[in-house]
Amino acid sequence: MNSQKLDVVTIGETMGLFTPNKQGYLRYANQFSQSFAGSETNVAIGVSRMGYKAGWISRVGQDEFGKGLLMFLRGENIDLTFVKEDQDSPTGLMFKEYLRENQTRVFYYRSNSAASRLSPEDIDRSYISQAKYLFVSGITPALSRSCQLAVMAAIEIAKENGVQVVFDPNLRKTLWDEGIARQTLLEIAKQADIVLPGIGEGEFLFGTNDAKEIGEKLLELGAKVVIVKLGERGACAVTNEGAEFIPGYDVKRVVDPIGAGDAFAAGFLTGLLDKLSLSEAVHRANAFGALATQVKGDIEGLPERVQLIQFMNSTSDDVER
Ligand code: KDG
């Protein structure tokens, strides 16, 4: 393994992503741009762009998409020591559809994918235990029972070794039964130090859309910090010391909201790694989320340090000359 210690380790599936070059039903699309999308690698890339070291644990198919994905992630400086190439199952695929302004649909072709075969055997104890943060999302346990066990095994190792567990419920209703989803997400939330639910996910889990109440329920389960994401309104940080609302950024035109939550997580994690105060880290996370929504694609809008500072300090659309 790379001798440099990792700041963040993530586990999950990343797919080949096809984005149509025009709006409308996907059935009419005849040209696509191809890239890659996966919540956990989106987070890893956001962390890496800010100068921190992130690693990803997964399986990809031994196919062109798997090879392209590994090339792409190496280019983003992500540690891939524990990514396996699977000969028997393919890399998952995902298609986006821009039906009209602000209405995006997502279609998955990922059942029986290589990543859905992740299991506790893919989880290396020393790889996880030397990291500062373990980031997991609620997508991975939705993929298969063995994926769920892999996530739980990673969390157990993290907890035994003082690695902070960060959990984004990332509810994907099309991937699993709602009852099982709720029960599993709550089980993982119980093990996490930091939970980053969207307000809709909080409502799904607890039947309330009161951000403070959602935060308090997650604290009762065992989390130390809960940040409830409120979209363009910002976020609400809840700890045992109370709740604080941190307003978001005004985005004039949302081009693509997909990936904003991952950007938020990356911004928040780098804020913690920079040792910012909790509210400053959330403020940065809001900026990451806002930047991600202004660009088509999950990761294309993730900032480097200079662009982040420029964005957080700017009052108008600056032109760089
Ligand atoms: O958050 C955006 C990603 O979640 C998406 O682009 C791909 O990981 C993905 C998923 O499973 O939906």
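The structure displayed is predicted, hence computed values, not measured ones. We count ligands from 1, going down the list as the structure has it; atoms in each ligand are counted the same way. Every heavy atom of this structure was used, including side-chain atoms; hydrogens, water molecules and symmetry mates were not.
When each atom of ligand 1 is checked for a heavy atom of I258 under 4.0 Å away, the hits are 2 (C), 6 (O). Within ligand 1, the atoms closer than 4.0 Å to a non-hydrogen atom of R172 are 1 (O), 2 (C), 3 (C), 4 (O), 10 (C), 12 (O), numbered from 1 in the order shown. When each atom of ligand 1 is checked for a heavy atom of G38 under 4.0 Å away, the hits are 8 (O). Using a 4.0 Å cut-off to heavy atoms of A37, the atoms of ligand 1 that qualify are 6 (O). Proximity to D262 (heavy-atom distance under 4.0 Å) selects the following atoms of ligand 1: 1 (O), 2 (C), 3 (C). Annotation for ligand 1: atoms under 4.0 Å from non-hydrogen atoms of R110 are 10 (C), 11 (O).
Contact annotation: G261 has no heavy atom less than 4.0 Å from any atom of ligand 1. M15 counts as a contact of ligand 1, since one of its heavy atoms falls under 4.0 Å from the ligand.
Nearest non-hydrogen protein atom to atom 5 (C) of ligand 1 is D298 OD2, 3.6 Å. Protein heavy atom in closest approach to atom 12 (O) of ligand 1: Y108 OH, 2.5 Å. Atom 7 (C) of ligand 1 has as its closest protein heavy atom M94 SD, 3.6 Å. Nearest to atom 8 (O) of ligand 1 among the protein's heavy atoms is S39 N, 2.9 Å.
Using a 30° and 60° split on the angle between ring planes, F18 and F95 fall in the parallel class, below 30°.
Of the N or O atoms in E13, none lie within a sub-3.5 Å distance of an N or O in ligand 1.
For the pair Q130/L6, a side-chain contact is recorded, criterion being any heavy-atom separation below 4.5 Å from C-beta on. Looking only at side-chain heavy atoms (C-beta outward), T140 and E13 stay at 4.5 Å or farther from each other.
At distances below 3.5 Å, not a single donor-acceptor pair connects side-chain atoms of Q183 with backbone N or O atoms of I180.
Between the side chains of T184 and E187, no donor-acceptor pair is found at a separation under 3.5 Å.
Using a cut-off of 4.0 Å between Lys/Arg side-chain N and Asp/Glu carboxylate O, E85 and K67 are scored as salt-bridged. Salt bridge K212/E216: present, at least one basic N to carboxylate O contact under 4.0 Å.
Remark: R182 qualifies as a cation-pi partner of F204 under the 6.0 Å distance and 45° angle criteria applied to the six-membered ring.
Smallest separation of non-hydrogen atoms from A263 and A292: CB-CB, 3.6 Å.
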